[in-house]
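What's counted below: heavy atoms across the whole structure, side chains too, no hydrogens, waters or symmetry copies.
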Amino acid sequence: MQPTYLETAAQAVQARSRIRSHIYQTPVIPSRSNSSRHDGTQLLFKAENFQLTGSFKIRGAMSKMSAPSSLSSSKGSSSSGQRLITASSGNHGIGASCAAHALSKELTVVLPESVVSSKLKKIQSYGVTVILHGAETGLAEQHAQKLAAEESYTYISPYNDPDIVAGQGSIGLEIIEQCPDVDNIFVAMGGGGLISGIGAVCKAFCPRIKVYGVSAHNSKALAESMKAGRVVETEHEQTLADAVAGGMDEDAITLPLAMSVVEEVVVCSEEEIADALRSMAFEENMIVEGAAALALAGYNKVAEKVAGQTSVVVLCGANYDQGVITKTIFG
């Protein structure tokens with residue numbers, strides 16, 4: 001059954017209590033570049049780039065692996081001996097690997113062949129098994145699902161799982177506590193786990209908050225699926241926001257959730273993402289990954305519309321390819 005946003009919000013509260021001791025409660029930081037404005041506009045950053053594993057993904061992975069019943073029905077022996085498998089463009093793989101290491105679980109991570117080398121090294125550092133397969137994340141996910149069906153692994157989706165979404169929703173709970181006056185939240189959209197979790201919490205506990213989904217033009221599976229009302233195939237081109245690249249499962253629970261909680265979708269070009277990366281580096285003194293800059297690019301695109309309001313941009317991570325980031329920022 002598809003979970004409702006109310007059910008997801010309730011699960012987020014439970015997930016937060018389980019994962020609290022395994023993650024950081026990341027700060028909400030005022031924008032340095034916004035400090036000169038005197039029209040009531042406030043821009044703040046939810047700094048998941050400072051999270052334990054360098055991105056928000058540890059929240060969902062830890063939520064899934066610590067859930068009392070989420071893994072018990074799968075094939076395998078006891079929870080400590082279960083063979084888990086997941087797929088990732090990098091950040092979910094890092095988070096899942098960290099969670100598996102902390103909870104003594106056996107994990108295999110399937111990554112696309114294009115995975116950023118720094119992310120690959122971090123995943124391998126946790127002692128998990130790594131398989132490289134496919135040109136992009138969607139193909140890696142399909143391969144992991146095939147192995148799960150054929151070889152009795154328990155598959156952990158990067159986004160298409162109620163416990164994963166609930167874990168990401170803990171960010172929304174923190175934002176509401178840290179910034180009670182928030183009017184808008186800007187979230188980069190990939191498979192939809194992050195925006196569905198945050199959006200469900202906002203709609204359930206503070207429905208006046210407007211949730212903006214920000215999509216990269218070069219890989220916009222969720223944005224196009226929301227427009228169509230069903231999961232659709234889209235073309236995926238290279239993007240600086242590599243963490244949100246790739247397709248979606250046909251039965252993705254995140255699609256109906258996102259459609260019920262996202263107020264507006266903003267689509268950004270590669271140049272707009274690059275501009276936001278440079279802004280983060282030179283104006284905010286933070287170097288983040290492309291998907292985090294994507295959320296800021298979305299804010300920049302509608303900045304005049306939200307003038308006079310308090311907006312939080314979720315900086316989802318900082319696990320970047322040093323070569324790509326250096327070239328983009330410094331030319």
Got more than 12 heavy atoms from elsewhere within 6.0 Å of [atom1], [X]?
X	atom1	answer
Q124	CD	yes
E151	CD	yes
E263	CD	yes

Main-chain N/O of [Y] paired with [X] side-chain donor or acceptor, under 3.5 Å:
X	Y	result
R278	I329	no
N218	Q238	yes
S196	L255	no
S88	G93	yes
K301	C268	no
T328	V324	yes
D321	V116	no

Would you mind reporting whether [Y] and [X] have side-chain heavy atoms less than 4.5 Å apart?
X	Y	answer
N49	E289	no
H22	I58	no
E284	S31	yes
V306	Y212	yes
I156	D161	no
M65	M62	no
F186	V312	no

Of all heavy-atom pairs between [X] and [Y], which one has the smallest distance, and what is that distance?
X	Y	answer
G213	I195	CA-CD1, 3.2 Å
N160	I253	OD1-N, 2.7 Å
D39	A307	OD2-CB, 4.2 Å

**OP:** For the pair E264 and K305, find out whether any cationic side-chain nitrogen is under 4.0 Å from an anionic carboxylate oxygen.
**Re:**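 K305 and E264: salt-bridged.
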**OP:** May I ask you to decide whether K46 forms a salt bridge with E174, counting only side-chain N to carboxylate O separations under 4.0 Å?
**Re:**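 A salt bridge is present here (some side-chain N lies under 4.0 Å from a carboxylate O).
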**OP:** Among V201, I23, L173, I171, find the residue that satisfies the side chain to side chain contact (heavy atoms under 4.5 Å, CB included) test when tested with R16.
**Re:**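 Checked V201, I23, L173, I171 against R16; only one passes side chain to side chain contact (heavy atoms under 4.5 Å, CB included): L173.
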Subject >> Hydrophobic cluster membership, L147 vs Y155, 4.5 Å side-chain cutoff >> reply: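 Linked within one cluster.
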